[in-house]
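Everything on this sheet refers to the single structure shown next.
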Amino acid sequence: MRVKLKALGCRLNEAELENWARGFQSVGHRIVGSSDEADLIVLNTCAVTQEAVRKSRRLIRNLYRVNPSAKVVVSGCYASLNPDETADFLGVDLVVSNADKDQLVKLTQRALFSDLEQPIASEPGVSLFELGRQRAFVKVQDGCRYRCSFCIVTIARGNERSRCLESIVDEINMLHHQGIQEVILTGVHLGGYGDDLGINLSALIEAVLNRTKIPRIRLGSLEPWDLPIGFFQLFQNIRLMPHLHLPLQSGSDSVLRRMNRRCKTEEFSEIVSEARRQISGINVTTDIIVGFPGETEQDWTQSVNYIRRIGFGHIHIFSYSRREGTKAADLPDQVTVTVKKARSRELHAIAREMKQVMLREKIGSNVPVLFESEVKGDGDLPQFFGYTPDYLRVTVGGRDMPSLENQIVKTSLEGVTDGTDYLVGSVLA
């Protein structure tokens, strides 16, 4: 059976996609790259914003139009929050909730392909390479205990559940054996890893560092209040990449209170300062929600000034999206679309300015780059893209250049491409 896997949204959805790919391969099925050649299409949906909901709905409808003969399985946050609506879409054969998604391969075979239920002896292929990826997202936990007033994902994902250390270490060793050079540890509430097991995130990182030899370990998004004591010292090991994504959401304490966030601006400043003091070359990135209910002009000005003062390597910017079922949906003083768009444009300009400054500071340095993909550049010359340890994208290219895909190569950073956020480099002999 030919299986096409698609995901919208977060890295956790990508990690789940990769697990399903290995699961389908292990029982003899083949992962394919396009929907029109598939016998089965599996979609992992998102519901973090109303736009994500619209994209999920649109994609479900399009799947049937692209390949009406394929079986369609839908999972993820949108499907879990709206199972009946999802099941009613033309062409959807099975809806698998977030609570059951670890069993998706088995449930799919049982419901749609009962004649293939018995596993076929097969050595799993390198599914990530077949999906066009050289880095692997490793899901280490699911669910969240906190209830930020804007977040629907905690409702869709349920209570916190951590994977045991052994299974995570085994998965990373398997991925490394298959040729993967970098893993990203990810979860809904990554910093809460192990609370239900009597351990913490530091113990997980230490286990991965000590019991695997994979060259690069990266962390997904971490709530700033979750960092264990001594956490920054772990980055003395060069295999742990110097990049932290710490969601701030707003630079105004009054907005943070309405968001039910547990880290105020002064505490966040202290955390970032300590990270930069202890971790050489650390790149701190963040999330900001624009136009949260009740965000006044004074709040916005405070937020912008704070963001400029801290400085970030990258900002994921979200206009507040009203989500029924969350506390924020019923808050007074909802901000108009016009104001949200204006503030979003302003912050995008600031974020680009800060990133350009950081990129130009890197010019002249020599760093190891994990190259991931090849495209044709100007004049049909080969061009390769990859990432530095601190998660900056680098491009190199030239005539007669050998393939760099899935290789970690020392690279000289020589400039920034016009109108982009890519560094331009050349491979060192």
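When reading the values below, keep in mind they use all heavy atoms of this one structure, side chains included, and skip hydrogens, waters and symmetry mates.
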Item to complete: Scan for ring pair (Phe, Tyr, Trp, His ring centres under 6.0 Å) pairs involving residues 33-61, sequence neighbours excluded, and state none if there are none.
Response: none

Worksheet item: Taking everything shown except Ile363 itself, do over 12 heavy atoms lie less than 6.0 Å from its CD1?
Response: yes

Discussion item. Could you walk me through whether Glu270 and Ser273 satisfy the side chain to side chain donor-acceptor pair (under 3.5 Å) test, starting with their C-alpha distance in whole Å, then the side-chain angles of each, then the deciding distance to 0.1 Å, before giving a yes or no?
Written reply: CA-CA 5 Å; Glu270 292 171 356; Ser273 295; over 6 Å; no

Discussion item. Determine whether Thr285 and Asn283 satisfy the following criterion, side chain to side chain donor-acceptor pair (under 3.5 Å), listing intermediate values before the conclusion.
Written reply: CA-CA 6 Å; Thr285 58; Asn283 177 18; 5.7 Å; no

Worksheet item: Taking the six-membered ring of Phe137, is the NZ or CZ of Arg11 close enough (under 6.0 Å from the centre) and on axis enough (within 45°)?
Response: no

Worksheet item: Is the backbone of Arg211 close enough, under 3.5 Å, to the side chain of Asn173 for a donor and an acceptor to pair up by distance?
Response: yes

Discussion item. Do Thr326 and Arg147 pair up side chain to side chain, a donor and an acceptor below 3.5 Å, judged on atom types alone?
Written reply: no

Discussion item. Tell me the closest heavy-atom pair linking Phe292 and Ser149, and the distance in Å.
Written reply: CZ-OG, 3.4 Å

Item to complete: Please determine if Arg323 forms a cation-pi arrangement with Phe150, meaning its NZ or CZ atom is less than 6.0 Å from the six-membered ring centre and no more than 45° off the ring axis.
Response: no

Worksheet item: Would you say the side-chain atoms of His29 and Gln109 include a donor-acceptor pair closer than 3.5 Å?
Response: yes

Practice prompt. Would you please indicate if the ring centroids of Tyr146 and Trp225 are separated by under 6.0 Å?
Written response: yes

Worksheet item: Would you say the side-chain atoms of Lys4 pair up with the backbone N or O of Gly33, donor to acceptor, closer than 3.5 Å?
Response: yes

Item to complete: Would you please say whether a donor-acceptor pair under 3.5 Å links the side chains of Thr86 and Asp88?
Response: no

Worksheet item: Would you say the side chains of Ser426 and Glu414 form a donor-acceptor pair under 3.5 Å?
Response: yes

Worksheet entry | Arg135 side chain to Arg218 backbone, donor-acceptor under 3.5 Å | no

Worksheet item: Nearest heavy-atom pair of Val32 and Ala38: which atoms, and what distance?
Response: CG2-CB, 4.0 Å

Discussion item. Looking only at side-chain N and O atoms, does Lys101 offer a donor or acceptor that is under 3.5 Å from a partner on Asn44?
Written reply: yes

Worksheet item: Any sub-3.5 Å donor-acceptor pair from Asp100's side-chain atoms to Val96's backbone N or O?
Response: no

Discussion item. For residues 189-201, which residue pairs pass the side-chain hydrogen bond (donor to acceptor under 3.5 Å, both in side chains) check, not counting sequence neighbours?
Written reply: Arg145-Asp195, Glu160-His189, Ser162-Asp196, His189-Asp226

Worksheet entry | Tyr387 and Tyr391 aromatic ring geometry - parallel, tilted or perpendicular at 30°/60° bounds | parallel

